[in-house]
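Excluded from the calculations below are hydrogen atoms, water molecules and symmetry mates; all remaining heavy atoms, backbone and side chain alike, are included. Order of the sequence lines sets the chain letters (A, B, ...), proteins ahead of strands, with each chain counted from 1.
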Number of protein chains: 2
Amino acid sequence: MDTTDGSSHTLGSVEKSIAVLETLWKLDGAGVTRIAQSLDFSKSTVHDHLSTLERNGFVVSNGGTYELGLRFLNFGEYVKRAQPLYAVAKPAVTELAEQTGERVFCMVEQHGLATVICLAEGERSVQTDLRVGTHSYMHCSAAGKAILAHLDRDRTEAILDRWGLKKFTGETITERDHLYDELETGRDRGWFVNREEYRPGVTAFGVPLRSNGEVTGAISLSGPAMRLAGDWEDRELLTQIRSTANVIEVDLSFQ
Amino acid sequence: MDTTDGSSHTLGSVEKSIAVLETLWKLDGAGVTRIAQSLDFSKSTVHDHLSTLERNGFVVSNGGTYELGLRFLNFGEYVKRAQPLYAVAKPAVTELAEQTGERVFCMVEQHGLATVICLAEGERSVQTDLRVGTHSYMHCSAAGKAILAHLDRDRTEAILDRWGLKKFTGETITERDHLYDELETGRDRGWFVNREEYRPGVTAFGVPLRSNGEVTGAISLSGPAMRLAGDWEDRELLTQIRSTANVIEVDLSFQ
DNA sequence: CTGATCGTTCGTCATCGTCGAACAGTTTAT
DNA sequence: ATAAACTGTTCGACGATGACGAACGATCAG
């Protein structure tokens, strides 16, 4: 999958270490042998990588089994706070969740994926698998569409080339033209929607966040499809979401 | 500093990548040239590492300058939630902060450092530089002492050998015997204290958390030294802290 | 327009990452 | 109790590959 590069100066040993870390993540911790056969590396190679990573705090060993280390938490919190949006969006998102009772997210694009940087739950918010730090595809999330709609066409194309339009439910948009239409209508009316396109029964509305004319992220509000189905109540809900986005944009411009 | 190892099979290129990541962290993002001269690597080497790390989401480039990527947030949140203590301690810590109005931490030991895995602020809690994910030395924090006091003597020695007893204030304990005495008295009475040993004006009380007879972490409560100076009110405060710790220990044993 | 600086590309050489075999513990099954 | 089948770890040697300096094109300051 990566041997076709040819002249690229990518460091194989570093990528091996990353593969070990990914495996440790997928398997929720594992031993040398398990990782070695999962990646088709030799045991000694895996051991070398693990001990190097452990010496640096990215891995921790508990009597034969290895896990990801707390140094990731250190870097992770730093990266979260380094996002200009975080400090501003956090209180606004929390307030919107309290007002509406639903779950509210703030997401940022990086590497073609939308990542949750902060989240707040309302009183009646439903369960979800989206946590802070979760990466999600942009074609099937309300916030992702909001961001995608405001990128250069080339960039959008590149993102769709890289990640495809994976189908999660019967409602997921899997055709490019369909998605482009959706992005255009969303761009025109100022908000975006994900109607059970990622999880059955879950609908979300998304609004982009602009700073200096550039879209730097988006907020989205998600809840049960039943509750968010009507067009009448949506008007009220949407003005609340757009109002929150507006507050964030203004706050962002003053710091 | 590491060339004296001799026979160790540590992967130099991986450690170089880690050094690049650390530099990116220290400098809050930087360009190739800046990193290269900061680490005394060649520009092309730094570039190779950065592009490899970027291809994997650990670094992101914004027009010439590089920053740490959001993938660290993904891993960081995962590691946080992977700690058995996290889910149990979070609500208990929050409640204690509300009750007392002070700032409360839950910390876990790894690689000889105490790392904050969750934290809650009370209404009158003071400012601090401790965030979730912050690593701190164990000899000068209340939670760190609580954990240190219950490790094997060999382990404690190894930790002090590795990290030393760095002096932060005039109150910091910098001699081993002094620390061992302090750990013993704390172990006997069941709680530990840090009286302005890390930051002037900040005092903290710490209590260990046991699971199956083993200490897996600690909680601590910190506030202004003035407020936490008396011995009378401390009695009340300490029973609240110990009671919270007790709740966590019981909850932990039932999952 | 010019000089200096940036990030990037490229090809070479010597380093050092990889592997298999052997090691020492630990658990499982007989 | 004993052996067989694991585990993680150590070690040395070979050859892939990571590091470097030089040259590149792009950008910015004066």
Ranking B:Gly12 and A:Tyr66 by the position along DNA chain D of their nearest nucleotide, the one closer to 5' is A:Tyr66

The residue, A:Leu50 or B:Thr45, whose nearest nucleotide of DNA chain D is more 5′ is A:Leu50

Bracket string, DNA chain C, 5' to 3' - pairs by Watson-Crick or G-U geometry under 3.5 Å, | interstrand: |||||.|||||||||||||||||.||||||

Nearest whole angstrom, please: distance from the [atom2] of [N] to the [atom1] of [X].
X: A:Leu11; N: D:dA16; atom1: CG; atom2: C1'; result: 14 Å
X: A:Leu24; N: D:dG8; atom1: CG; atom2: P; result: 12 Å
X: B:Ile35; N: C:dT8; atom1: CD1; atom2: C1'; result: 14 Å
X: B:Gln37; N: D:dC20; atom1: CD; atom2: C1'; result: 17 Å
X: A:Asp48; N: D:dT17; atom1: CG; atom2: P; result: 15 Å

Closer than 4.0 Å, any side-chain N/O of [X] to the OP1 or OP2 of [N]?
X: A:His49; N: C:dT18; answer: yes
X: B:His9; N: D:dT9; answer: no
X: A:His47; N: D:dT9; answer: yes

Assign the ring pair A:Trp163 / A:Tyr137 to parallel, tilted or perpendicular, where the plane angle (0 to 90°) is split at 30° and 60°. perpendicular

So A:Phe58 and B:Phe72, would you call those rings parallel, tilted or perpendicular, with 30° and 60° as cut-offs? tilted

Counting distance only, does the side-chain N/O of A:Arg210 pair as donor-acceptor with the main-chain N or O of A:Val215 below 3.5 Å? no

Any donor-acceptor N/O pair, A:Ser61 side chain to A:Gly64 backbone, under 3.5 Å: no

By the 4.0 Å heavy-atom rule, please label [X] as base, sugar-phosphate, or nothing.
X: B:Lys16; value: sugar-phosphate
X: B:Ser42; value: base
X: B:Ser44; value: base
X: B:Thr33; value: sugar-phosphate

Return yes when atom CG of B:Asn62 has more than 12 non-hydrogen atoms of other residues, nucleotides or ligands closer than 6.0 Å, and no otherwise. yes

Enclosure of B:Arg34 CZ (heavy-atom neighbours >12, cutoff 6.0 Å): no

Per atom distances to the B:Phe41 side chain, the nearest of C:dG17, D:dC20, C:dT18 is D:dC20

Which of C:dT18, D:dA19, C:dT8 is nearest the side chain of B:Lys43? It is C:dT8

Under 4.0 Å between a Lys/Arg side-chain N and an Asp/Glu carboxylate O for B:Arg176 and B:Asp161? yes

